[in-house]
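Working notes for the structure below.
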Amino acid sequence: MKLQETISIVLASLTITACIPSQRMQENGSRGSKLVSVSMKMPTKIGDKDVTGKMDGYALSIKKTGGDCAFSDVDRTEKVSAGDVKIDASLKQDCDYAIILSFGKSSADGKKLDQVFLSSDAHDSKPATPAKVAKEDIKGKTEMTIKACVSVTELGAKELAVSAAECPSVSDDSVSGTIDPVIAQPTPPTAGQPIFTLSKPVTNTITNNSIVLAGEVTTATEIPMNCVLAANIVYSAGTQNKLVLIDDHVFAANTGTKKALDKTVDMGINISTGPAMLTEIQILESCLASKQPDGFVPAKAFDACLAAKNCVRVK
């Protein structure tokens, strides 16, 4: 007879922590090893986002990496009914293991995952992060937690509409009662620090009374932001400036968002010669993680910081 244990999976942004609490272990008669049956359900949430029905297949790999027990490696892929499945496998004491999990969209015959949304296997230039179980961790314990980092793939981030987060650093400990997994959260930008960087330097060409700007910025924010970009053109030895929005609207910025700075500005005066010469062009940003308030006017986004001389500059 096998006694089951439950894998409690909590997804957060781009990662999940899979907890396998072992309730009891029982002798199975093979080399005196104790047999543990484990089971889990398909993940249904990433943070607060409901992903029920978005995935209908899983892949499970359990490989013996050392020790002295009779164990056959597990390499299984199945098509399942989302939210209504037990994924069962067995471990024996006296051996070491490496466990890899993947979830996504199954092929019609259920023999492979056509689309992988969550995985602890290698993906997107990231190495595999198998959950490692040592025989010393299992031996003599009646309850145990195995924590595995299963991260969202680039395809999963797109299809599930979630943002990136680092997998939390966790340890394997003996636990009892309810398990509260560590939930990874995206790190918010530091106040006053730009979320954009110049991926192409800003250049300018002056023709009569116009300035033609060019360049590009890129963001690496883990949290979706709503942003406005502007060029602050400083002239007349820094005593005057002209603020011009790069776009006339607020735009969404996620990880890797690129924005061209191409803009032609009519200055109304010739600033190539004389006392009104160009001295500096600053690229400014104004970003909020929340939705812009009703009645928000992008052209007013920089009024307060210009007056206080503390606008966030893109470097």
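All residue numbers refer to positions in the sequence shown, counting from 1. Since the model is a prediction, treat every value here as computed from it, not as a measurement.
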**Request:** Could you check Thr255 against Thr219 for side-chain contact (heavy atoms from CB on, under 4.5 Å), going step by step and ending with a plain yes or no?
**Result:** CA-CA 6 Å; Thr255 302; Thr219 180; over 6 Å; no
**Item:** Salt bridge Glu280-Lys242, side-chain N to carboxylate O under 4.0 Å
**Value:** no
**Request:** Would you give the length of the straight line joining atom CD of Glu159 to atom CE of Met55, rounded to the nearest 0.5 angstrom?
**Result:** 11.5 Å
**Closest non-hydrogen atom pair, Lys105 against Gly53** = NZ-O, 3.8 Å
**Prompt:** Under a 4.5 Å cut-off applied to non-hydrogen side-chain atoms, are Phe251 and Cys227 in contact?
**Reply:** yes
**Message:** Working to the nearest 0.5 angstrom, can you tell me the gap between Phe71 CZ and Gln93 CD?
**Reply:** 13.5 Å
**Asked** What's the spacing between Ser210 OG and Asp266 CG if we round to 0.5 Å?
**Response** 4.5 Å
**Prompt:** When you measure from the side chain of Glu285 to the backbone N and O of Val314, does any donor-acceptor pair fall under 3.5 Å?
**Reply:** no
**Asked** Closest approach of Gly67 and Lys135, non-hydrogen atoms and distance?
**Response** CA-NZ, 4.1 Å
**Prompt:** Quick one: does Tyr97's side chain have a donor or acceptor within less than 3.5 Å of a partner on Lys92's backbone?
**Reply:** yes
**Request:** Determine whether Ser106 and Tyr58 make a side-chain contact, defined as any pair of heavy atoms from C-beta on separated by less than 4.5 Å.
**Result:** no
**Message:** Check this for me: does any side-chain nitrogen of one of Asp247 and Lys259 sit under 4.0 Å from a carboxylate oxygen of the other?
**Reply:** yes
**Prompt:** Can you name the closest pair of heavy atoms from Phe302 and Leu243 and give their distance?
**Reply:** CB-CD2, 3.7 Å
**Request:** Going by the side-chain contact (heavy atoms from CB on, under 4.5 Å) test, name the single residue among Val228, Val312, Asn232, Leu245 that passes it with Leu284.
**Result:** Asn232
**Message:** With heavy-atom distances below 4.5 Å as the criterion, would you say the side chains of Val217 and Leu229 are in contact?
**Reply:** yes
**Asked** After noting the C-alpha distance and the side-chain angles of Leu60 and Ile99, does the key distance pass the side-chain contact (heavy atoms from CB on, under 4.5 Å) rule?
**Response** CA-CA 7 Å; Leu60 172 65; Ile99 302 174; 4.1 Å; yes
**Prompt:** Hey, quick one: are Leu288 and Ile195 part of the same hydrophobic cluster, counting side-chain heavy atoms closer than 4.5 Å, chains of contacts allowed?
**Reply:** no
**Message:** With a 3.5 Å distance limit and no angle check, can you tell me whether Thr65 reaches the backbone of Ala98 through a side-chain donor-acceptor pair?
**Reply:** no
**Message:** When you compare the side chain of Val250 with that of Phe296, does any pair of heavy atoms fall below 4.5 Å?
**Reply:** yes
**Prompt:** Taking atom SG of Cys95 and atom CG of Asp68, what is their separation to the nearest 0.5 Å?
**Reply:** 7.0 Å
**CD1-CD distance between Ile233 and Gln240, expressed to the nearest 0.5 angstrom** = 12.5 Å
**Prompt:** Does some side-chain heavy atom of Leu213 sit less than 4.5 Å from a side-chain heavy atom of Asp262?
**Reply:** no
**Request:** Check the hydrophobic clustering (I, L, V, M, F, W, Y; side-chain heavy atoms under 4.5 Å; chains of links allowed) and say if Leu306 and Tyr235 are grouped together.
**Result:** no
**Message:** Assess the residue pair Leu261 and Leu198 against the criterion (side-chain contact (heavy atoms from CB on, under 4.5 Å)); give the C-alpha distance rounded to whole Å, side-chain angles, the decisive distance to 0.1 Å, and a yes or no.
**Reply:** CA-CA 10 Å; Leu261 301 177; Leu198 286 171; 4.0 Å; yes
**Request:** Output, in order, the C-alpha distance, side-chain angles, deciding distance and verdict of side-chain contact (heavy atoms from CB on, under 4.5 Å) for Val244 and Lys263.
**Result:** CA-CA 9 Å; Val244 181; Lys263 187 78 174 181; 3.6 Å; yes
**Message:** A side-chain contact here means heavy atoms from C-beta on lying under 4.5 Å apart; do Met267 and Ile211 qualify?
**Reply:** yes
**Message:** Test your reading of the model: is there a side-chain donor-acceptor pair from Thr153 to the backbone of Val116, 3.5 Å cut-off?
**Reply:** yes
**Prompt:** Less than 4.0 Å between a side-chain N and a carboxylate O, is that true for Lys64 and Asp96?
**Reply:** no
**Request:** Ignoring hydrogens and angles, state whether a donor on the side chain of Ser102 or His123 is under 3.5 Å from an acceptor on the partner side chain.
**Result:** no
**Prompt:** For Gly256, does its backbone N or O pair with a side-chain atom of Thr218 as donor and acceptor, under 3.5 Å?
**Reply:** no
**Request:** Using distance alone, with no hydrogens and no angle criterion, decide if Asp109 and Ser107 have a side-chain donor and acceptor under 3.5 Å apart.
**Result:** yes
**Message:** In the structure I gave you, are the side-chain heavy atoms of Val212 and Asn204 within less than 4.5 Å of one another anywhere?
**Reply:** no
**Request:** For the residue pair Asp56 and Lys79, establish whether any side-chain heavy-atom pair is separated by less than 4.5 Å.
**Result:** yes
**Message:** Please give me the minimum heavy-atom distance between Ile100 and Ala128, naming the atom from each residue.
**Reply:** CD1-CB, 4.3 Å
**Request:** Can you see which heavy atom on Thr77 is nearest to which on Ala59, and at what distance?
**Result:** OG1-CB, 3.7 Å
**Request:** Calculate, to the nearest 0.5 Å, the distance between atoms CE and CZ belonging to Met225 and Phe196 respectively.
**Result:** 9.0 Å
**Asked** Should Val74 and Val80 be regarded as members of a common hydrophobic cluster, given that ILVMFWY residues are connected when their side-chain heavy atoms come within less than 4.5 Å of each other, either directly or indirectly?
**Response** yes
**Request:** Identify the heavy atoms of Thr257 and Asn254 that sit nearest to each other, and give their distance.
**Result:** OG1-N, 2.7 Å
